[in-house]
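Chain naming here is simple, since letters A, B, ... match the order of the sequence lines and numbering starts at 1 in each. The model shown is predicted, which means the values in this text are computed figures rather than measured ones.
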2 protein chains.
Amino acid sequence: MTGVQPYHHGDLRRVLIDHAVAAIAENGFERLSLRDLARRANVSHAAPAYHFTDRTGLLTAVAAQGYRLLGDELDEILRETNSFLEVGVGYVRFAVAHPAHFDVMFRPALYRDDPDLAEQRDRTMAILRAGAGTVDLAAATGQSTKDSEAAGLAGWFFCHGLVTLYRSEVLAANSPAELETLARRAANVLFS
Amino acid sequence: MTGVQPYHHGDLRRVLIDHAVAAIAENGFERLSLRDLARRANVSHAAPAYHFTDRTGLLTAVAAQGYRLLGDELDEILRETNSFLEVGVGYVRFAVAHPAHFDVMFRPALYRDDPDLAEQRDRTMAILRAGAGTVDLAAATGQSTKDSEAAGLAGWFFCHGLVTLYRSEVLAANSPAELETLARRAANVLFS
DNA sequence: GACTCAATCTTGTCACTGACAAGATTCGCC
DNA sequence: GGCGAATCTTGTCAGTGACAAGATTGAGTC
């Protein structure tokens, strides 16, 4: 016997978010159930509402955590490599490694305005924009390219489309390895 | 008085799909309710089940219709212009004009295998691949580009990422006009 | 050590939903 | 006019999100 559960869980908020991320990765956010999360955490069906108010609040927390994780990763990559190409690789890797976060982050109808989320999102977007400034497509294409912000956007669109379509299962690639092969082929056309 | 509704609706399947598309465009597929659709169509709450079996069946029908619509549009564009650039424009325009279809189509977890859907999807993907063959990036970039399939993929990734991010409301663009401006700037970097 | 108050969790309830079963109505066809 | 299939209705059940009210616990204070 492990004894009865203590009335105060102690770390319920974090545990619920972790279970939510796992559940979303398994079944998609559309099948996410607060009561199922409560069961997984061995608390009553109304316990989640205390920490998140409602379903939207939970997804808001997931999105904020996602932006924080992505921001941290991209920030580190950019500081270490100063390469927007590597930022793009990190972006794709994040989407594959954290599908639940990625899904929720880019579906703002699922969550609501929140100071923490807004801060993390703006920080992450700023990193993407700053990274764009490091792009030197002119050297690659042999043409003058003054619009470095647009170059960064173009790279972002490419990466986002690539990984979104991969996860939609409409590409020939069905594994991260095949995804990388396909990404290299397509990127060579644009950036070589 | 408009009189009682006839027992047989006559065109219920089509009407339900239309209402579903409208409802998804308004509130997203996650809030789509079969009973709400039944109310909109003035039929009993179980009527939709006859035509679609369940919620998944309804979304399967929506996805199939979406692939059919997109395939028709892209086919016409390709035959008339023979330009993959115009196919890309049509792709983006479709996503903006038919957000409900677009959302469901690229979320295969929402629907199931279906002969009609598979046929329409494969046809549409074939058009995208055929269009890729018309790309002549070599002339644009001044480099030899034998991998025309990869060029088509790259263009697809760009368009898909562009419109997906636009609809995620994380871009500076907040209207189709601003989207076009942004798209031109980004595309100029890659394709000029 | 007891009092107090806020934080945290539980129990109970309600309307809504998807799925299913069984029955009613109507259409097409012979 | 009769029969079977197609189409729709009624009734029901378990599961869900939201809300209200109450129970338990922890932290600080005297």
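In summary, the aromatic rings of Phe102(B) and His98(B) are positioned with their centroids too far apart to meet the 6.0 Å limit.
Considering only side-chain atoms of Ser44(A), the nucleotide from dC20(C), dT12(D), dT10(C) that sits closest is dT10(C). Listed nucleotides: dT17(C), dT13(C), dT10(D). Nearest to the side chain of His45(A): dT13(C). Listed nucleotides dA18(D), dT11(C), dT10(D) differ in distance to Leu34(A); the shortest reach to its side chain belongs to dA18(D).
In this entry the distance linking CG of Leu12(B) with C1' of dT25(C) reads 15 Å, nearest Å. Remark: C1' of dT17(C) and CG of Leu37(B) are 12 Å apart, rounded to the nearest angstrom. Between Arg31(B) atom CZ and dG18(C) atom P there is a gap of 14 Å when expressed in whole angstrom units. The CD atom of Glu30(B) sits 15 Å away from the P atom of dT17(C) (whole-angstrom rounding). What separates CZ of Arg35(B) from C1' of dG11(D) is a distance of 10 Å, to the nearest Å. Straight-line distance from the CG atom of Leu32(A) to the P atom of dG15(D): 17 Å, rounded to whole Å.
Partners of Glu30(A) according to the salt bridge (Lys or Arg N to Asp or Glu O under 4.0 Å) rule, which considers only residues two or more places apart in sequence or in another chain, are Arg107(B). Ala63(A) is linked by a side chain to side chain contact (heavy atoms under 4.5 Å, CB included) to Val104(A), Tyr111(A), Leu117(A), counting only residues two or more places apart in sequence or in another chain.
When the side-chain nitrogen and oxygen atoms of Arg39(B) are compared with OP1 and OP2 of dT17(C), one or more of them lie within a distance under 4.0 Å. Residue Ser33(B) has no polar side-chain atom (N or O) positioned under 4.0 Å from OP1 or OP2 of dC16(C).
Map Asp36(A) and Ala46(A) each onto its nearest nucleotide of DNA chain D; the residue landing nearer the 5' end is Asp36(A).
Neither side chain, His101(A) nor Tyr67(A), offers a donor N or O lying under 3.5 Å from an acceptor on the other.
For the pair Asp72(B) and Arg68(B), the salt-bridge criterion is not met [side-chain N within less than 4.0 Å of a carboxylate O]. A salt bridge links Arg184(A) with Glu180(A): the closest approach of a Lys/Arg side-chain nitrogen to an acidic carboxylate oxygen falls below 4.0 angstrom.
Residues Trp156(B) and Leu171(A) have side chains in contact (heavy-atom distance under 4.5 Å, counting atoms from C-beta outward). Two residues are said to be in side-chain contact when any heavy atoms from C-beta on lie closer than 4.5 Å; Phe94(A) and Met105(A) meet this criterion. Contact check for Phe157(B) versus Phe157(A): no side-chain heavy atoms found under the 4.5 Å cut-off.
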Under 3.5 Å, N/O pairs linking protein and nucleotides 4-6 of chain C:
none

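Residues from residues 47-64 of chain B lying near DNA chain D, meaning a heavy-atom separation below 4.0 Å, are Ala47(B), Tyr50(B), His51(B) in numerical order. Taken residue by residue, residues 18-29 of chain B places no heavy atom nearer than 4.0 Å to DNA chain D.
For the pair Thr124(B) (side chain) and Leu70(B) (backbone), a donor-acceptor distance under 3.5 Å is absent.
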Taking only distance into account, with no hydrogens and no angle test, what donor-acceptor pairs under 3.5 Å do side-chain atoms of residues 11-28 of chain B form with protein atoms, sequence neighbours excluded?
none

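Arg13(A) comes within contact range of no nucleotide atom at all, as no heavy-atom separation falls under 4.0 Å.
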Let's go through Asp103(B) and Arg167(B) carefully: what are the C-alpha distance in whole Å and the side-chain angles of both, what is the deciding distance for salt bridge (Lys or Arg N to Asp or Glu O under 4.0 Å) to 0.1 Å, and is it a yes or a no?
CA-CA 10 Å; Asp103(B) 267 12; Arg167(B) 300 215 22 236; 3.0 Å; yes

